[in-house]
There are 2 protein chains.
Amino acid sequence: MSTLQTLDRGIRALEVVAARPSGISVADLSAEIGVARAIGYRLVATLEEHRLLMRDTDGKLHLGASIPALASQYWPGLLSLATPILQDLADKTNATAFMSVAEGDEAVAVLSLDPAVASVLRVGYRVGSRHPLALAAAGIAILAARAPSEADTPEVVEARRQGYCITRGQLQAGAVGVAAPLRLAGTLHGGPEASIGLVALQDFDSEAASDPVVEAARKISATQ
Amino acid sequence: MSTLQTLDRGIRALEVVAARPSGISVADLSAEIGVARAIGYRLVATLEEHRLLMRDTDGKLHLGASIPALASQYWPGLLSLATPILQDLADKTNATAFMSVAEGDEAVAVLSLDPAVASVLRVGYRVGSRHPLALAAAGIAILAARAPSEADTPEVVEARRQGYCITRGQLQAGAVGVAAPLRLAGTLHGGPEASIGLVALQDFDSEAASDPVVEAARKISATQ
DNA sequence: ACAACATGTTCACTATTAGTAACAGATGGA
DNA sequence: TCCATCTGTTACTAATAGTGAACATGTTGT
């Protein structure tokens with residue numbers, strides 16, 4: 001299964017630009033992905049044509065407006081449907097609300113919303129971050145939605161019984177997570193395995209939060 | 001200014017997959033972008049490696065989890081900062097709230113949020129849709145934030161005076177739009193020209209909505 | 001079981017792209 | 001002002017990628 005050098009470099013260019021909040025010049029970008037400057041210009045010209053990249057007034061590169069446009073088509077309707085519900089969940093519990101999906105044996109965060117009224121300290125959950133399915137609440141909730149298996153850990157069995165999962169300090173010391181699985185496959189055509197939940201500092205009353213999380217998961221699953 | 005065929009085709013592959021909510025096979029994708037099937041497989045393999053594409057249980061292609069991850073880095077913090085404020089604006093006015101940015105002489109929608117409590121009829125504003133800056137509220141608000149110019153239309157002058165802009169039926173008969181400019185350039189390092197606003201059906205009291213829109217724009221601009 | 005079809009890989013030849021170096025024009029500091 | 005540095009572009013050969021067909025290997029329906 002071979003891959004294409006030019007396309008690979010173009011994508012890496014996108015990733016490098018994305019990782020540079022203050023923008024990057026074509027020369028620096030070219031150095032970063034290890035190609036001659038002349039090639040960097042050709043990559044950038046192609047990406048600009050599709051509006052995946054744009055330039056600021058200093059000529060530095062930033063992600064273009066086609067990026068959010070593509071993202072709005074990610075499992076169509078899923079993110080925009082979940083946003084108001086997760087925002088409400090975040091506001092009511094004063095914790096960060098997230099949605100994760102399974103990709104291979106990892107859970108990936110695809111949406112993360114902070115409460116409108118920010119508190120002083122906050123655990124962020126970066127969209128795009130990945131961890132093994134079995135490791136933390138987001139992944140365990142997804143495993144709990146699968147058919148029972150010999151390989152299930154006690155945590156997965158417990159999560160399946162309760163309909164939600166609470167973990168403490170598994171991704172980050174001092175943080176707690178609460179998650180419940182979504183049931184999307186029926187309507188989202190071969191759709192993704194997903195979960196939603198909350199992350200917060202350890203003094204958070206995660207038991208009390210499980211009801212709103214399960215309720216939000218039900219709402220999202222039902223609307224699909 | 002030359003562009004690269006391979007990268008161009010890879011991006012078009014992404015766009016085609018994005019436009020197919022129910023997924024697409026590699027063969028159909030290859031036909032759609034006009035390449036031999038063998039090349040389609042190489043394009044797809046490269047995109048899958050970067051998790052820009054994934055396959056469902058039927059083998060059909062969908063956008064992968066790296067797409068929302070990239071989008072979360074679009075003018076870092078801008079979308080996630082604006083989301084709770086725009087969601088609140090949408091809920092309180094019972095209209096669709098949006099954010100648009102200028103790209104060249106066009107305004108592009110980069111965020112669109114419906115009220116949590118959906119009404120029967122709704123005007124959607126599709127993320128990624130473009131229109132000339134001078135045409136509708138989102139673009140006129142952006143023009144109003146620029147230095148005054150000879151070329152300004154009366155609408156732009158009026159919007160500059162008021163601090164917001166109301167248009168009726170310019171994008172779509174029967175729809176109204178209210179928008180106010182954001183002031184981001186100072187802090188978002190050469191940042192984008194942007195506006196936020198509301199779109200609704202024509203019976204919407206857009207005059208009454210202008211205050212909350214201006215207030216939301218102030219909040220977003222201040223937090224940057 | 002069989003035909004009809006779709007997926008995924010491979011092949012040999014042609015078209016694109018990569019790599020290198022060089023060039024003109026802008027910008028900026030001493 | 002002059003030199004140093006950055007941007008954007010171009011020319012040329014070695015390396016990749018594209019084409020179109022062929023080939024196994026499943027699936028599906030009859």
Side-chain angles (χ1 to χ4, degrees), chain A residues 1-17 19-64 103-104 185 189-192, chain B residues 1-17 19-64 103-104 185 189-192:
Chain A
M1 177 153 70
S2 64
T3 58
L4 302 175
Q5 188 183 51
T6 308
L7 179 52
D8 181 69
R9 286 171 166 176
I11 297 166
R12 279 166 51 211
L14 276 185
E15 292 167 350
V16 167
V17 171
R20 289 277 193 124
S22 51
I24 185 172
S25 69
V26 180
D28 288 352
L29 170 63
S30 304
E32 194 108 3
I33 62 183
V35 300
R37 219 157 40 84
I39 300 169
Y41 279 101
R42 300 195 276 234
L43 292 170
V44 166
T46 311
L47 292 166
E48 277 184 299
E49 198 164 70
H50 288 268
R51 314 263 186 191
L52 292 172
L53 289 183
M54 63 161 299
R55 310 176 83 128
D56 64 21
T57 44
D58 299 338
K60 290 207 190 306
L61 296 162
H62 297 264
L63 296 182
E103 258 192 7
H189 212 95
Chain B
M1 179 155 67
S2 65
T3 59
L4 303 176
Q5 187 182 55
T6 308
L7 179 52
D8 182 69
R9 287 171 166 177
I11 297 166
R12 278 167 51 212
L14 277 185
E15 292 167 350
V16 167
V17 171
R20 288 277 194 123
S22 52
I24 186 171
S25 69
V26 180
D28 289 352
L29 171 63
S30 305
E32 194 107 3
I33 62 183
V35 300
R37 221 154 39 84
I39 299 168
Y41 280 99
R42 296 196 280 222
L43 292 170
V44 166
T46 310
L47 293 166
E48 276 184 299
E49 199 165 70
H50 288 268
R51 315 261 186 194
L52 292 171
L53 289 183
M54 62 161 299
R55 309 176 84 127
D56 64 20
T57 45
D58 299 338
K60 290 208 191 305
L61 297 163
H62 298 263
L63 296 181
E103 258 192 5
H189 212 97

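In this text the structure is predicted, and so the values were computed from the model without any measurement. Within every chain, numbering begins at 1; the chains are lettered A, B, ... in the order of the sequence lines, protein sequences first and strands thereafter.
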Any protein N or O atoms within reach of nucleotides 22-26 of chain C? Criterion: under 3.5 Å, listing atom names and distances.
none

- [ ] Have a look at A/Ala36 and say if it touches a base, only the backbone sugar-phosphate, or nothing, with a 4.0 Å heavy-atom cut-off.
- [x] base
TODO: Round to a whole Å and report the spacing from CG of B/Asp8 to C1' of C/dT16.
DONE: 13 Å
Task: With B/Arg12 via side-chain hydrogen bond (donor to acceptor under 3.5 Å, both in side chains) - residues at least two apart - done: B/Asp8
Open item on the list: At 10 degrees resolution, what angle do the end axes of the helix from C/dA1-D/dT30 to C/dA30-D/dT1 form when each is taken over five base pairs?
Closed with: 50°
- [ ] Name all residues meeting the side-chain hydrogen bond (donor to acceptor under 3.5 Å, both in side chains) criterion together with B/Arg20; count only those two or more places apart in sequence or in a different chain, and write none if there are none.
- [x] B/Glu32
- [ ] State the CZ-CG distance between B/Arg37 and B/Asp28, to the nearest 0.5 angstrom.
- [x] 11.0 Å
TODO: Can you see which heavy atom on A/Ser2 is nearest to which on B/Arg42, and at what distance?
DONE: OG-CD, 3.3 Å
- [ ] Answer yes or no: is there a side-chain heavy-atom contact under 4.5 Å between B/Arg9 and B/Leu43?
- [x] yes
Task: Any residue meeting side-chain hydrogen bond (donor to acceptor under 3.5 Å, both in side chains) with B/Gln5, in chain and number order, not counting sequence neighbours - done: none
Open item on the list: Are B/Arg55 and B/Glu48 packed together at the side-chain level, in the sense that at least one heavy-atom pair is separated by less than 4.5 angstrom?
Closed with: yes
Open item on the list: Checking contacts here: which listed nucleotide (D/dT9, D/dG8, C/dG8) is nearest the side-chain heavy atoms of A/Val26?
Closed with: D/dG8
Open item on the list: On a heavy-atom basis, which atom in A/Leu47 and which in A/Ala13 lie closest, and how many Å separate them?
Closed with: CD1-CB, 4.0 Å
TODO: Carefully, step by step, assess A/Val44 and A/Leu29 under the rule side chain to side chain contact (heavy atoms under 4.5 Å, CB included).
DONE: CA-CA 9 Å; A/Val44 166; A/Leu29 170 63; 3.8 Å; yes
Task: Spacing between A/Glu48 atom CD and D/dT7 atom C1', to the nearest angstrom - done: 13 Å
For nucleotides 16-18 of chain D, list the nitrogen or oxygen atoms of the protein found under 3.5 Å from its nitrogen or oxygen atoms, one pair per line.
unit_1: D/dA17; atom_1: OP1; unit_2: A/Gln5; atom_2: N; d: 2.4
unit_1: D/dA17; atom_1: O3'; unit_2: B/Thr6; atom_2: OG1; d: 3.1
unit_1: D/dG18; atom_1: OP1; unit_2: B/Thr6; atom_2: OG1; d: 3.4
unit_1: D/dG18; atom_1: O3'; unit_2: B/Arg9; atom_2: NH1; d: 3.4
unit_1: D/dG18; atom_1: N7; unit_2: B/Arg42; atom_2: NH2; d: 3.4

Task: Nearest to side-chain heavy atoms of B/Tyr41, which nucleotide of D/dG20, D/dG8, C/dT7 - done: C/dT7
TODO: Respond yes when some side-chain nitrogen or oxygen of A/Arg55 is under 4.0 Å from OP1 or OP2 of D/dT7, and no when none is.
DONE: no
Open item on the list: What's the separation between atom CG in B/Leu61 and atom OG in B/Ser25, rounded to the nearest 0.5 Å?
Closed with: 7.5 Å
Task: Contact check, side chains of A/Leu63 and A/Leu52, non-hydrogen atoms, under 4.5 Å - done: no
